[in-house]
Amino acid sequence: QVQLVESGGGLVQTGGSLRLSCAASGRTVSNSAMGWFRQAPGKEREFVAAITWRSSVTYYKDSVKGRFTISRDNAKNTVYLQMNSLKSEDTAVYYCAVQMEGGSRFDGATYHYWGQGTQVTVSS
């Protein structure tokens, strides 16, 4: 089992920044990758970013490229999502997830464990 705890969400104005954290505990040694997803009200969950655990290869949704940066700290079993130049359309509940085996980094169905989510609200 893997437990994930997100933090760092909140209310920010358009153009502002937030940094999300996701701390993993439990069975973490075989993680393939960790990812961030988000779900806005009335919309389906969507991929935001992912990072492989061993080689730190990163993946991003096109609309966040250049604004969001995913990183990890192996020693702390923590993944971060630095979000800059936030827009109102970034408002959503953000979830981190762990992919224990290989698979599409972009598909939430390939992730095995999920956090409880943290709310990000961008006001104009």
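Only this structure's heavy atoms are used, side chains among them; waters, hydrogens and symmetry mates stay out.
Using a cut-off of 4.0 Å between Lys/Arg side-chain N and Asp/Glu carboxylate O, Asp62 and Lys65 are scored as salt-bridged.
In terms of heavy-atom proximity, Ala33 sits nearest to Arg105 at CB-NH1, 3.6 Å. Of all the heavy atoms in Ala92 and Ala40, the pair that sits closest is CB-N, 3.8 Å. The two atoms that bring Ala24 and Leu4 nearest to each other are CB-CD2, 3.6 Å, heavy atoms only. Closest approach of Ser85 to Ser17, counting heavy atoms only: N-OG, 4.4 Å. Closest approach of Glu46 to Lys61, counting heavy atoms only: OE1-NZ, 3.3 Å. In this structure, Val79 and Trp36 approach most closely via the heavy-atom pair CG1-NE1, 3.5 Å.
Judged by distance alone, the side chain of Ser88 and the main-chain N or O of Ser124 form no donor-acceptor pair under 3.5 Å. A donor-acceptor pair is defined here as one N or O able to donate and one able to accept, closer than 3.5 Å; such a pair exists between the side chain of Thr110 and the backbone of Ser104. Looking at Thr14, its side chain does come within 3.5 Å of a backbone N or O of Ser123 through a donor-acceptor pair. Proximity of a side-chain donor or acceptor of Thr91 to a complementary backbone N or O of Val122 within less than 3.5 Å is detected.
Taking hydrophobic clusters as Ile, Leu, Val, Met, Phe, Trp and Tyr residues chained together by side-chain heavy-atom distances below 4.5 Å, Trp114 shares a cluster with Val93.
For the pair Tyr95 and Val48, the minimum side-chain heavy-atom distance is 4.5 Å or more. Inter-residue side-chain proximity for Met83 and Val12 is flagged as unmet; no heavy-atom pair is nearer than 4.5 Å.
Paired with Tyr111 under the rule ring pair (Phe, Tyr, Trp, His ring centres under 6.0 Å), one option of Phe106, Phe37, Phe47 passes, and it is Phe37.
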message = Between Gln1 and Tyr113, does the side chain to side chain contact (heavy atoms under 4.5 Å, CB included) criterion hold? Intermediate values first, please.
response = CA-CA 8 Å; Gln1 293 290 324; Tyr113 299 98; 3.5 Å; yes
query = Taking it one step at a time, do Glu6 and Leu20 satisfy side chain to side chain contact (heavy atoms under 4.5 Å, CB included)?
reply = CA-CA 7 Å; Glu6 301 107 330; Leu20 305 183; over 6 Å; no
request  = Show the numbers, then the answer: is there a side chain to side chain contact (heavy atoms under 4.5 Å, CB included) between Arg72 and Met34?
outcome  = CA-CA 9 Å; Arg72 58 156 176 72; Met34 291 188 72; over 6 Å; no
query = Is there a side chain to side chain contact (heavy atoms under 4.5 Å, CB included) between Arg38 and Val120 once you walk through the steps?
reply = CA-CA 9 Å; Arg38 66 187 182 188; Val120 171; over 6 Å; no
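Atom CD1 in Ile51 sits 12.0 Å away from atom OG in Ser32 (nearest 0.5 Å). Once rounded to the nearest 0.5 Å, the distance linking CG of Leu18 with CD of Gln82 reads 8.5 Å. Interatomic distance, OH of Tyr60 versus CD1 of Ile70, reported as 6.5 Å (0.5 Å rounding). Atom CG of Asp73 and atom OG of Ser21 lie 10.0 Å apart (nearest 0.5 Å).
In the displayed structure, Gln13 atom CD is contacted under 6.0 Å by at most 12 heavy atoms of other residues, nucleotides or ligands.
Both tests pass for Arg19 against the ring of Tyr80: distance under 6.0 Å to the centre and angle within 45° of the axis.
Below 30°, between 30° and 60°, or above 60°: for Phe68 and Tyr94 the angle between ring planes is between 30° and 60°, a tilted geometry.
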